[in-house]
Amino acid sequence: MITVDVDRDVCIGSGMCVVAAPAAFSQDADAKAVVLALDGEPAGVVAGAVEACPTGALTLRED
Ligand code: SF4
C-alpha cells in the first residue's frame, strides 16, 4: 500500500501534482495539495506526480 504525505509548509500550490494525477490529488481553498484517493491512479502515475512537485512537498511511502 502506498501513502503520500503533503508538507503544507513546502507546498507552493503549483498544481503540478493535480495535473499529473487528477484522481489522486486536489487543492484546497489555500491551493495546498490534498490527497484524494491514491487507488484512483496507477502507482506509477502517483509516483510521477510526487516527482513532478517542484518543491519536494510530497513524500511517497510504501508499506
Ligand atoms: S506539485 Fe507540489 S507544490 Fe504543487 S500543488 Fe502539488 S504538492 Fe503543492
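Remember, it's 1-based here, ligands and their atoms both numbered in the order they're listed.
- Residue, atom and distance of the protein heavy atom nearest to atom 6 (Fe) of ligand 1 are Cys17 SG, 2.4 Å.
- Looking only at protein heavy atoms, the nearest one to atom 5 (S) of ligand 1 is Gly15 N, 3.2 Å.
- Every atom of ligand 1 with a heavy atom of Ala33 under 4.0 Å away is listed here by number and element: 6 (Fe), 7 (S).
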Test Val34 against Phe25 for side chain to side chain contact (heavy atoms under 4.5 Å, CB included), laying out the working first. CA-CA 6 Å; Val34 292; Phe25 298 99; over 6 Å; no
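- Shown in contact with Thr55 at under 4.0 Å from a heavy atom are these atoms of ligand 1, numbered in order with element: 3 (S).
- Looking only at distances, a side-chain donor or acceptor of Thr55 sits under 3.5 Å from a matching main-chain atom of Val10.
- With respect to atom 4 (Fe) of ligand 1, the closest heavy atom belonging to the protein is Ser14 OG, 2.3 Å.
- Using modelled atom types, one side-chain atom of Glu41 and one backbone atom of Ala23 make a donor-acceptor pair closer than 3.5 Å.
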Could you walk me through whether Lys32 and Cys11 satisfy the side chain to side chain contact (heavy atoms under 4.5 Å, CB included) test, starting with their C-alpha distance in whole Å, then the side-chain angles of each, then the deciding distance to 0.1 Å, before giving a yes or no? CA-CA 6 Å; Lys32 303 290 185 177; Cys11 175; 4.1 Å; yes
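- Counting heavy atoms under 4.0 Å from ligand 1, residue Val6 does not touch it at all.
- Annotation for Val45 and Ala21: closest pair CG1-CB, 3.8 Å, computed over non-hydrogen atoms.
- Within ligand 1, counting atoms from 1 as listed, the ones closer than 4.0 Å to a heavy atom of Pro54 are 1 (S).
- Atom 2 (Fe) of ligand 1 has an N, O or S atom of Cys53 under 2.8 Å away, backbone or side chain.
- Using a cutoff of 4.0 Å between basic side-chain nitrogens and carboxylate oxygens, Asp28 and Arg8 are scored as salt-bridged.
- The protein heavy-atom contact nearest to atom 8 (Fe) of ligand 1 is Cys11 SG, 2.3 Å.
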Evaluate the side chain to side chain contact (heavy atoms under 4.5 Å, CB included) criterion for residues Thr59 and Asp7: first the C-alpha distance (whole Å), next the side-chain angles of each, then the deciding distance (0.1 Å), finally the verdict. CA-CA 8 Å; Thr59 302; Asp7 187 334; over 6 Å; no
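- Taking atom 3 (S) of ligand 1 as the reference point, the nearest protein heavy-atom neighbour is Ile12 N, 3.3 Å.
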